[in-house]
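Structure, as structure tokens:
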Amino acid sequence: MNHRLNRFSILFMLAGGLVLLFVIAPLVGLFLQTSGVSIVKTLHDHEVTHSILLTLTTAMGATLIFSLGIIPLAWLMAHHQFRGKRIIHGLIDLPVVIPHTAAGIALLSVFSDQSLLGSGASFFGLSFVGTSAGIVIAMAFVSLPFLFNAARDSFESIDKRLEHAAMNLGASQMQTFFRVSLPLAKNGIISGMIMMFARGMSEFGAVVIIAYYPMITPVMIFDRFASFGLEASRPIALIFIVIALAVFVLIRLITRKSFAVR
Amino acid sequence: MLYVKNLNLQAGDFKVPDTSFDVKKGEYYFLLGESGSGKSLILEAIAGIQKIKSGEVWVNNLNITHLPMHQRRVGLVFQSLALFPHLTVMDNIAFPLQRRGIKWPQVEKEVVQMAQRLSIAHVLKRKPGTLSGGEHQRVALARTLIMKPDMLLLDEPLSSLDILLKEEMVELLRELHQQGQTILHVTHDYRVVGSLANRISIIQKGILLQTGTPQEIASNPKCKLASRLVV
């Protein structure tokens, strides 16, 4: 291929460059307009640190708990043809297309203490409205398509003869799943889990409906902005972005080291 | 040993209609046919991969037609070999023994013995991606043989080998047969059949045209493929 720049390439580079600038400029602006003093002050605000910790733990909780159901569902969808399969695909992708505040309202109608499920759960001392459990539910609802789609694609990409070989060699379906399918699909699944975690962590719309308090960081940024203005919310936004990026990079590094195919 | 009775298979539009044959204990039996003749489909049906429309498969007087794949005790070496890329050669060969719950020291001992028998002891710590074609074949064979299958099913195991490696593998298969292993081997390669086979079935478009010893088939060939048989 000819790598010399022509008019066509330059035009596309300009168009692409504008998009990159559009993504980077607000982040740079945020960094430049936030003073060091306000960052230090915010870091000493216990409400903020507690909120960041809550956001990270609930997003992690949502990812880990729901992966126990999402991964088996993804395997089923990758391995079986059945009537209604497309409908299930559509249902799983639904959270991506509906407004997240609407998703929050929908969740509230199922998990509020007055609903059947909510009242059933409250019988066992579990409440979803205004609790960490509610935050986990809301985060999981909007972010699970990321893990599901990544896991299904990974399972689909496995050569079926490897799974047949495992069973021919005496492995049950369960053993084949844990010894062959899961290890071979792990890279895609881990990527999906990271995406689900990242998406859950940044969720605002659904969470704000079901659990304004305890306050996760995206809700706190909105709350401080609405109550005290840009100056009060900007350092929290900056700290949260840095921590989110650091966690994201850290997880990537850890999983790459631990799960690299040698 | 193996009795395939009135087997009916279908894959898309392709059909294998009402096929019957038997393989005796210790016999080296070939299903010889061109690509797309249905020979691999029959092998997969015996192994439980391909759904059987009707008919029965018996191994050692046991009807295995509806047995789950992992309970059949018929060892299939796939044409693609299907080595697990995420496991070392050692773990690949150990796989069937570990699934049966055998403790590691015993597993390791048996794996090393099998690897020495097939001259692959030097690659035990390597991953399949780093092996040569011949080593690949031997590892796949070792992994299947270590489970001591009642019946060894070979799906075109020599097709991807160059001529020298092919000769080496033919010798290995001959040795296995002489040690008493019952083998059902499907291939389109009429050149390797004559020197190994006790009996051969010629298959064309899903139908068994002719069954007999290599000499019987060569002396009275009923199709072009049979006439090419070298005895």
Side-chain angles (χ1 to χ4, degrees), chain A residues 67 71-72 74-83 85 150-194 252-262, chain B residues 40 43-51 64 67-88 91-102 107 125-130 139-156:
Chain A
S67 65
I71 294 170
W75 184 89
L76 281 174
M77 298 292 275
H79 281 74
H80 295 285
Q81 296 300 328
F82 54 88
R83 200 175 285 178
K85 189 173 170 177
R152 187 206 52 217
D153 289 349
S154 293
F155 285 129
E156 274 176 351
S157 69
I158 297 171
D159 183 350
K160 295 289 171 287
R161 283 168 296 193
L162 293 174
E163 291 168 327
H164 290 152
M167 284 190 263
N168 179 257
L169 293 166
S172 64
Q173 259 196 327
M174 189 69 90
Q175 289 173 326
T176 301
F177 176 77
F178 282 109
R179 289 286 293 162
V180 177
S181 313
L182 199 58
L184 289 175
K186 71 176 184 299
N187 288 345
I189 290 173
I190 288 165
S191 288
M193 287 177 88
I194 292 171
R252 278 267 179 208
L253 285 177
I254 292 169
T255 50
R256 244 185 221 177
K257 266 192 179 172
S258 308
F259 297 100
V261 177
R262 285 179 288 273
Chain B
S40 293
L43 216 58
E44 288 181 0
I46 295 168
I49 297 165
Q50 181 66 37
K51 202 177 167 192
I64 64 163
L67 268 189
M69 237 189 278
H70 67 282
Q71 291 175 5
R72 294 194 170 210
R73 293 195 51 79
V74 288
L76 172 61
V77 177
F78 288 76
Q79 186 174 5
S80 65
L81 304 175
L83 296 182
F84 305 128
H86 59 298
L87 301 180
T88 60
D91 290 336
N92 262 280
I93 302 174
F95 190 90
L97 302 181
Q98 287 182 303
R99 302 291 70 75
R100 284 177 6 211
I102 299 171
V107 169
K125 287 182 181 164
R126 281 161 58 182
K127 288 271 177 77
T130 66
V139 174
L141 203 55
R143 189 180 65 171
T144 306
L145 286 174
I146 206 162
M147 63 189 267
K148 298 185 178 75
D150 294 332
M151 179 101 210
L152 183 61
L153 307 174
L154 303 174
D155 188 0
E156 304 261 18

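Source: prediction; values computed, not measured. Lettering of chains follows the sequences in order, A, B, ..., and the numbering in each one begins at 1.
Contact of the A:Arg179 side chain with the B:Leu87 side chain is registered, since non-hydrogen atoms from C-beta on lie closer than 4.5 Å. Considering only heavy atoms from C-beta on, B:Ser80 stays 4.5 Å or farther from A:Leu162 through its side chain. Proximity of B:Met147 to A:Leu169: side-chain heavy atoms (C-beta onward) are separated by under 4.5 Å at one or more points.
With a 4.5 Å cut-off on non-hydrogen atoms, B:Gln98 touches chain A through its side chain but not through its backbone. Contact annotation for B:Leu76: both backbone and side-chain heavy atoms come within less than 4.5 Å of a heavy atom of chain A. The parts of B:Arg143 that come within reach of chain A are both its backbone and its side chain, each placing non-hydrogen atoms under 4.5 angstrom from that chain.
For A:Gln173, the CD atom sits in a loose shell: 12 or fewer heavy atoms of surrounding residues, nucleotides or ligands are nearer than 6.0 Å.
Taking each heavy atom of B:His86 and A:Leu184 in turn, the nearest pair found is ND1-CD2, 3.4 Å. Taking both residues in full, the closest heavy atoms of A:Gly170 and B:Arg99 are given as O-CB, 3.9 Å, listed atom of the first, atom of the second, then distance. Nearest heavy-atom pair across A:Arg161 and B:Ala82 is O-CB, 3.9 Å.
Listed for the A:Asn168 side chain is a donor-acceptor partner under 3.5 Å among the backbone atoms of B:Val74.
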Start with the C-alpha distance between A:Val180 and B:Phe95, add both sets of side-chain angles, then the distance that settles side chain to side chain contact (heavy atoms under 4.5 Å, CB included), and finish with yes or no. CA-CA 10 Å; A:Val180 177; B:Phe95 190 90; 4.1 Å; yes
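Taking CD of B:Gln71 as the start and CE of A:Met167 as the end, the distance is 12.5 Å to the nearest 0.5 Å.
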